[in-house]
Amino acid sequence: MSIDMYRRQVIQLRTNIAKLTEQKAREVQKAADAGMKSIAAAAAASKTSSTSTAQSKLREASRYADDQAKHEREIAKLERKIADEQKRFGIVQGRLDSEEAKALKKRNDEQKRQQETHTRRFRAMEASLTHHGSLHRETIARVDR
């Protein structure tokens, strides 16, 4: 795959992880709210003298405890999804790093090859000019005789 494709995947995975983390934070807040309501309802049940009110408050506390458990299960699901996305992120980031290293090596090799080609051409021109200079001196020497 291309470097650009890996970069797009990395960006997408980062976005997914951020969204899942936000969802998890909302679920944690909901679970905490349900837990507090459950505790408050149970406390109200223990303070009341009416049996029917106490039973109603205990049912309310049970309902909030069930909500809390539901939110905690959702938190666990989100944590698994986050872990999966982070694992995929690590794999894709590793592939991106590898592809970027290959591209850099290829550019460096090409640059080195071009430098060697330029050096060879320069030396060839230098040799040609040196030869031309010696021929020029020889011609001048013949003309002067």
(request) Walk me through it: do Arg59 and Gln55 pass the test side-chain contact (heavy atoms from CB on, under 4.5 Å)? (result) CA-CA 6 Å; Arg59 283 193 300 272; Gln55 288 176 344; 3.8 Å; yes
(request) Could you tell me whether Arg63 and Glu60 make a salt bridge, using a distance below 4.0 angstrom between a side-chain N and a carboxylate O? (result) no
(request) Quick one: closest heavy-atom pair of Val92 and Tyr6, and the distance? (result) CG1-O, 3.7 Å
(request) Check the surroundings of atom CE in Met36: do more than 12 heavy atoms from other residues, nucleotides or ligands lie under 6.0 Å from it? (result) no
(request) Could you tell me whether Asp109 and Arg113 make a salt bridge, using a distance below 4.0 angstrom between a side-chain N and a carboxylate O? (result) no
(request) Mark yes or no for whether Thr48, through its side chain, and Ala45, through its backbone, hold a donor-acceptor pair below 3.5 Å. (result) no
(request) Determine the minimum heavy-atom distance between Ala61 and Ala42, stating which atoms define it. (result) CB-N, 3.8 Å
(message) Show, in sequence, the C-alpha distance, side-chain angles and deciding distance for Lys81 and Glu85, and conclude whether the salt bridge (Lys or Arg N to Asp or Glu O under 4.0 Å) test is met.
(response) CA-CA 6 Å; Lys81 287 180 182 179; Glu85 290 293 295; over 6 Å; no
(request) Indicate whether any N or O donor in one side chain lies under 3.5 Å from an N or O acceptor in the other, for Glu110 and Gln114. (result) yes
(request) Quick one: closest heavy-atom pair of Glu27 and Ile75, and the distance? (result) CB-CG1, 3.6 Å
(request) Count the heavy atoms of every other residue, nucleotide or ligand shown that sit under 6.0 Å from CD of Gln111, and state whether that count exceeds 12. (result) no
(message) Looking at Thr15 and Ile11, would you say the former's side chain and the latter's main chain have a donor-acceptor pair under 3.5 Å?
(response) yes
(request) Please determine which of Lys30, Lys37, Gln29 meets the side-chain hydrogen bond (donor to acceptor under 3.5 Å, both in side chains) test together with Asp33. (result) Gln29
(request) First locate atom OG1 of Thr117, then atom CD of Gln115, and finally report the distance between them rounded to the nearest 0.5 Å. (result) 9.0 Å
(message) Check Glu74 with Lys70, please: is the shortest side-chain N to carboxylate O separation under 4.0 Å?
(response) no
(message) Looking at Glu100 and Arg7, is any side-chain nitrogen of the basic one under 4.0 Å from a carboxylate oxygen of the acidic one?
(response) yes
(request) Could you check if a side-chain atom of Leu20 sits within less than 4.5 angstrom of a side-chain atom of Lys24, using non-hydrogen atoms only? (result) no
(message) Check this for me: does any side-chain nitrogen of one of Glu22 and Lys19 sit under 4.0 Å from a carboxylate oxygen of the other?
(response) no
(request) Group every Ile, Leu, Val, Met, Phe, Trp and Tyr by side-chain heavy-atom contacts under 4.5 Å, then state whether Ile39 and Tyr64 land in the same group. (result) no
(request) Could you check if a side-chain atom of Gln68 sits within less than 4.5 angstrom of a side-chain atom of Glu72, using non-hydrogen atoms only? (result) yes
(message) Just verifying a value: how many Å separate Met5 CE and Ile3 CD1, rounded to the nearest 0.5 Å?
(response) 11.5 Å
(message) Please identify which of these residues, Asp84, Asn16, Ile17, meets the side chain to side chain contact (heavy atoms under 4.5 Å, CB included) condition with Phe89.
(response) Ile17
(request) Rounded to the nearest 0.5 Å, what's the gap from CD on Glu99 to NZ on Lys106? Could you check? (result) 10.5 Å
(request) Kindly say whether Leu135 contributes a backbone atom to a donor-acceptor pair with the side chain of Thr139 at under 3.5 angstrom? (result) yes
(request) Give the cluster check for Ile91 versus Val10: same hydrophobic cluster or not, with ILVMFWY residues linked at side-chain heavy-atom distances below 4.5 Å. (result) no
(message) Hydrophobic cluster membership, with links at side-chain heavy-atom distances under 4.5 Å among I/L/V/M/F/W/Y: are Leu78 and Val28 in one?
(response) no
(request) May I ask you to check whether Ser52 and Ser50 show a side-chain donor-acceptor distance below 3.5 Å? (result) yes
